[in-house]
Each structure stands twice: as structure tokens, then as C-alpha cells.
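Take a look at the structure set out below.
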Amino acid sequence: MQDFKDWCEQNSSIPEEEDTVFVGHFEYEAYPNQFFRVFLTTKMLVKFALEAKFILSDATYKLTYGNFPAITGGTTDRAKKFHPFGLALCTSEKEIDFAFFFKAIKLIAEKIYNKMIDPRIVIADNAEAIANGFEQSLEVQAYDLINAPEENAIFDDDLTSLDDTSKRPRFDDSV
């Protein structure tokens, strides 16, 4: 764990270049419960979070040697292009790990750009750990968009500005 701590500290300074990766935030504990969390990002990726009103987030495995989960999140634009905010490597994929990811984005955006991020919605594929981590770290209410038709109206209003060829039906995979 000492090597991990040293590496994170050595790579924590915010670079001048917008596309250079740095450690935005990290946490670890060696005893009694060994764990680590590290958030990697660039200044350019953090910019995507500044105006984001919603965040898509999930975790995946098999990207690292130890099969540790890689947590990512970002937003999309009107052209449906995904804009990630960064990548967190953690020892697990629990609520506290997702809270770490969202908190790291919040902290680094304030540090670099002196601006608070203000997302209102998390799209979390019915994953309670993601929604709860979002609520915990950003102090907002997460909505289950698949099972809450009244909140789906938020997206319906946005879709009215698109032409009919751009609209696609949403699928409810909860059945």
C-alpha cells in the first residue's frame, strides 16, 4: 500500500496540459480492512462535468490484472456522443465506491475551475449502489427512470425539440 500511496502522491499535481492524466483524488487503508480507490482524469475530461445535468455511470471488470472494478461516468451531448469524466479503480463496486467517484469529480472540478458541478439525474441501469452513491456524494435525489414514468417526462420534454427521425422508443427492461 505504501507504493500505491507514493505513486498517487507523485501523480496528484494538476498539469498545465489539458490532456495529461493525473490523480484527481485517492483514498486507501492498509489496516484493518485493506482497500484503495483512485480517480484518474485530465483537465479536458473534468470540463465535461461542469455543465452536465445528468451522469451515466457503471463499472466493469477485466480491464486490470487483478480484475478490480473500473468505475466510469460521463454525460452525452445531443449527438449522443459520450463524454467521460474520468476513471476510478477501486477494490470493490459498492455504494461507497460510487460515492467516491462522484465526490472526486465534484472536488476536482472545484479545485481546477472553481465551479460547482450540478448534475440532477444519474442513469444507473437500476443499480442501487450507483444511485445511492450519487445521492450521498452530490446531495441530490436520484431517480429510477425505468420504473418512474413521471420522471421520464424530463426526457420527453427534451425530445420534443428533436425531429421525428431522431426519436426512438425507450425500452423498459424491468419486465
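Count residues from 1 along the sequence. Everything numeric here is computed off the predicted structure, so don't read it as measured data.
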Can you label the angle between the Phe4 ring and the Phe36 ring as parallel, tilted or perpendicular, going by 30° and 60°?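 Ring orientation, 0 to 90° scale: tilted.
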
Is the [atom1] atom of [X] crowded by more than 12 outside heavy atoms at less than 6.0 Å?
X      : atom1 : value
Leu89  : CG    : yes
Asp6   : CG    : yes
Lys111 : NZ    : no

Could you tell me the separation between the [atom1] atom of [X] and the [atom2] atom of [Y], rounded to the nearest 0.5 Å?
X      : Y     : atom1 : atom2 : value
Ile71  : Ser92 : CD1   : OG    : 7.5 Å
Phe102 : Asp97 : CZ    : CG    : 11.5 Å
Leu87  : Thr42 : CG    : OG1   : 11.5 Å

Nearest heavy atoms of [X] and [Y], plus distance in Å:
X      : Y     : answer
Phe54  : Thr76 : CZ-OG1, 3.3 Å
Pro69  : Cys90 : CD-O, 3.2 Å
Cys8   : Val38 : SG-CG2, 3.8 Å
Ile105 : Phe85 : CD1-CD1, 3.4 Å
Phe101 : Ala88 : CD1-CB, 3.7 Å
Phe82  : Gly73 : CZ-C, 3.9 Å

So, does [X] use its side chain to make a donor-acceptor pair with the main chain of [Y] at under 3.5 Å?
X      : Y      : answer
Thr75  : Ile55  : no
Tyr113 : Lys43  : yes
Asn132 : Ala129 : no
Ser57  : Thr72  : yes

With hydrophobic residues grouped by side-chain heavy-atom distances under 4.5 Å, do [X] and [Y] end up in a single group?
X      : Y      : answer
Val46  : Leu40  : no
Ile96  : Ile130 : no
Phe39  : Ile112 : yes
Ile117 : Phe134 : yes

Is it true that [X] and [Y] have a side-chain N and a carboxylate O under 4.0 angstrom from each other?
X      : Y      : value
Arg37  : Glu29  : no
Glu27  : Lys5   : no
Asp118 : Arg120 : yes

Let me see the working for Glu95 and Glu128 under side-chain contact (heavy atoms from CB on, under 4.5 Å), right down to the final yes or no. CA-CA 8 Å; Glu95 178 179 320; Glu128 277 189 53; over 6 Å; no

Check the side chains of Tyr61 and Glu93 for a donor-acceptor pair under 3.5 angstrom, ignoring hydrogens and angles. yes

Side-chain heavy atoms of Glu110 within contact of Lys115, under 4.5 Å: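 Heavy-atom side-chain distance check fails, nothing below 4.5 Å.
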
Any non-hydrogen side-chain atom of Asp77 less than 4.5 Å from a side-chain atom of His83? yes

Side-chain polar contacts of residues 18-26 - donor-acceptor pairs under 3.5 angstrom, sequence neighbours left out - could you list them?
| residue | atom | partner | partner atom | Å |
| --- | --- | --- | --- | --- |
| Glu18 | OE1 | Lys47 | NZ | 3.4 |
| Glu18 | OE2 | Lys47 | NZ | 2.7 |
| Thr20 | OG1 | Glu17 | OE1 | 3.4 |

